[in-house]
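Letters go in sequence order (proteins before strands), and every chain restarts at 1. All values reported here derive from a predicted model rather than from experimental measurement.
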There are 2 protein chains.
Amino acid sequence: MSLEKTPRPGGRSARVQQAVHAAAEELIAENGGDRSAVTIPQIAARAGVTPSTIYRRWGDLQQLLAAMATDRLLPESVPDTGSLAGDLGAWLESYVEDFSSPLGRRILRDMVADDAATTRYFQILQDHLDTIRGAALRRGEDPPSVDDIVDTVVAPIIYRILFTAAEDESLGLSRRLRQLLQRPEAGPPGADVHAGPEHHYQTTGTAPGPETRRLP
Amino acid sequence: MSLEKTPRPGGRSARVQQAVHAAAEELIAENGGDRSAVTIPQIAARAGVTPSTIYRRWGDLQQLLAAMATDRLLPESVPDTGSLAGDLGAWLESYVEDFSSPLGRRILRDMVADDAATTRYFQILQDHLDTIRGAALRRGEDPPSVDDIVDTVVAPIIYRILFTAAEDESLGLSRRLRQLLQRPEAGPPGADVHAGPEHHYQTTGTAPGPETRRLP
DNA sequence: CATCCTAACGCAAATCCTTTGCTTTAGTGT
DNA sequence: ACACTAAAGCAAAGGATTTGCGTTAGGATG
């Protein structure tokens, strides 16, 4: 679960990190997710350490939150459903679930605010996707490249989570998956890639209306 | 240039905002773009206002930066090159130029850290794309939907800017544009959509290597 | 098992940032 | 010209942040 290089894992350092992360998470939860309401001295008191420990180790609240975010959003285990479509679908479902909640959204913002955390996380994502691809290759399937998976599925979803107020998922998860996986066959030239026939959208609520918006 | 609702435009309020924005920009530039090095009292002094003015109006540094970011990243004017491909290309070029520089990247992060700023900006982006679409429709062209433009071009580019350390643009701008616009014709089934033949990539430096990475 | 070594933590003082109640001013409407 | 209001100035109180130095926990060495 820990991203930090721990030269002495299991030691005092690890205990402090865990205590601080837990304390911060508790305090944020108690404040309804409002980050600006919690302070480092508060976290330190709850965690049973002195503030200077946190300042020296993490720098400021933003970086502490970013570190917690990357920790929290790690893809847990690689599913193995027997097929690429299954593996990707299973992973994506939990991925979207993690990120699309109001809490996940805030955690994502915490992470994106910090360059180091973001690139670190992307590395982990690439590794994870590669593992899934590896399994597919071993089965004799022909998986899309990591870049294609990122461009077609991951980027649009994360972008809409960051830039869109939609609470629910009009994220078109299954539509995007189909788009990604059906590529090699390249169905009927006209109406395939975008706006496929049988929609799986779940345009439940205040989604970002599929089409145009008002003009200035 | 100003996003804020200015009930009294041109008055003192507007002057203060301009002075504060300018002061902040200067100070950040002097510190090599390091946000954590500049403080609100510093900005206030440079702008010739008292710190409490900034605190009351913007809340904290993060929100001030987010406001500056949305202001700074507004799409200036809608180009009219006579064709959809031209309009989109011209806009995208300046768009990518704005965002992909180290400075633009930091500004983008400032904006994304703030939910309100992000959704506000997305609204503006939608309006802008709609204007471009409108021009295309008036010419009798058949432009992709705003959602398709966002999914195919905008989201992947912004995602890679945020999550990738690449200094240069291996963002595949023209490749994505082609992918977006060539959809209706749906070229040769196999090797078209992804990894087109004549690459425009400029895989100059530490880019996110096109394919797989190391395993855990 | 005893000893040494070092990264990380605790402590406390000095500094700086942030908040807040009240007053003053600039711009607008009558 | 006069009154009204949103926004800015001022100053004091209350925290947050930084920093130098002593201490400690955990690993390394023999």
Side-chain angles (χ1 to χ4, degrees), chain A residues 1-28 30-31 34-68 71 110 113-114 116, chain B residues 1-24 26-28 30-32 34-68 71 110 113-114 116:
Chain A
M1 249 280 210
S2 175
L3 266 185
E4 324 246 333
K5 295 152 203 149
T6 55
R8 295 172 180 180
R12 181 165 63 160
S13 184
R15 276 203 312 278
V16 168
Q17 167 172 331
Q18 207 181 347
V20 168
H21 281 205
E25 200 170 329
E26 281 176 33
L27 284 169
I28 289 173
E30 288 173 12
N31 281 279
D34 185 9
R35 273 112 182 89
S36 59
V38 307
T39 66
I40 288 189
Q42 280 174 355
I43 297 170
R46 175 80 58 111
V49 301
T50 56
S52 63
T53 295
I54 299 182
Y55 285 119
R56 273 202 248 259
R57 190 156 166 187
W58 283 280
D60 59 15
L61 187 61
Q62 202 184 31
Q63 287 177 81
L64 169 59
L65 292 175
M68 290 172 59
D71 239 39
D110 291 340
D114 188 85
Chain B
M1 248 284 210
S2 176
L3 267 183
E4 325 245 333
K5 296 151 202 148
T6 55
R8 295 173 179 180
R12 182 164 63 159
S13 185
R15 277 203 312 277
V16 168
Q17 167 172 330
Q18 207 180 348
V20 168
H21 281 205
E26 280 176 34
L27 283 169
I28 289 172
E30 288 174 12
N31 281 279
D34 185 8
R35 274 112 181 87
S36 59
V38 308
T39 66
I40 288 190
Q42 280 174 353
I43 297 171
R46 175 80 58 112
V49 301
T50 56
S52 64
T53 296
I54 299 182
Y55 284 117
R56 274 202 247 260
R57 191 157 166 186
W58 283 281
D60 58 15
L61 186 61
Q62 202 183 31
Q63 288 175 81
L64 169 59
L65 292 175
M68 290 172 59
D71 239 38
D110 291 339
D114 188 85

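- Of the candidates B/Ile54, B/Val49, B/Thr50, B/Ser52 forms a side chain to side chain contact (heavy atoms under 4.5 Å, CB included) with just one, namely B/Thr50.
- Minimum atom distance to the side chain of A/Val16 is reached by C/dC9, of the listed C/dT19, C/dC9, C/dG10.
- Note: B/Ile43 CD1 to B/Leu64 CG = 5.5 Å, rounded to the nearest 0.5 Å.
- Below the 3.5 angstrom threshold, one finds no donor paired with an acceptor across the side chain of B/Arg12 and the base of D/dG9.
- Between the CZ atom of B/Arg57 and the C1' atom of C/dA26 there is a distance of 14 Å, rounded to whole Å.
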Provide a list of protein-nucleic acid N or O atom pairs under 3.5 angstrom, restricted to nucleotides 13-17 of chain C.
unit_1: C/dC17; atom_1: OP1; unit_2: B/Thr39; atom_2: OG1; d: 3.0

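- For C/dC9, its base never sits under 3.5 Å from the side chain of A/Ser52 at any donor and acceptor pair.
- Residue A/Thr53 has no polar side-chain atom (N or O) positioned under 4.0 Å from OP1 or OP2 of C/dC9.
- In terms of the side-chain contact (heavy atoms from CB on, under 4.5 Å) criterion, residue partners of B/Ala19 (sequence neighbours excluded) are, by chain and number, B/Ala47.
- By the neighbour-count criterion of 12 heavy atoms within 6.0 Å, atom CD of B/Glu30 is densely surrounded, having more than that number from other residues, nucleotides or ligands.
- Rounded to an integer number of Å, the gap from A/Trp58 CH2 to D/dA16 C1' is 18 Å.
- In terms of heavy-atom proximity, B/Gln63 sits nearest to B/Asp60 at N-OD1, 3.0 Å.
- Per the geometry, CD1 belonging to B/Ile54 stands 17 Å off P belonging to C/dT20, to the nearest Å.
- Under the rule for a salt bridge (charged side-chain N to carboxylate O under 4.0 Å, His left out), the partners of A/Arg35 that lie at least two apart in sequence or sit in another chain are A/Asp110.
- Side-chain atoms of B/Arg15 lie closest to C/dA26 of the nucleotides D/dT24, D/dC10, C/dA26.
- You'll find a donor-acceptor pair under 3.5 Å spanning the side chain of B/Arg56 and the base of C/dG21, going by distance alone.
- Listed candidates were D/dA7, C/dA8, C/dC11. Nearest to the side chain of B/Ser13 is D/dA7.
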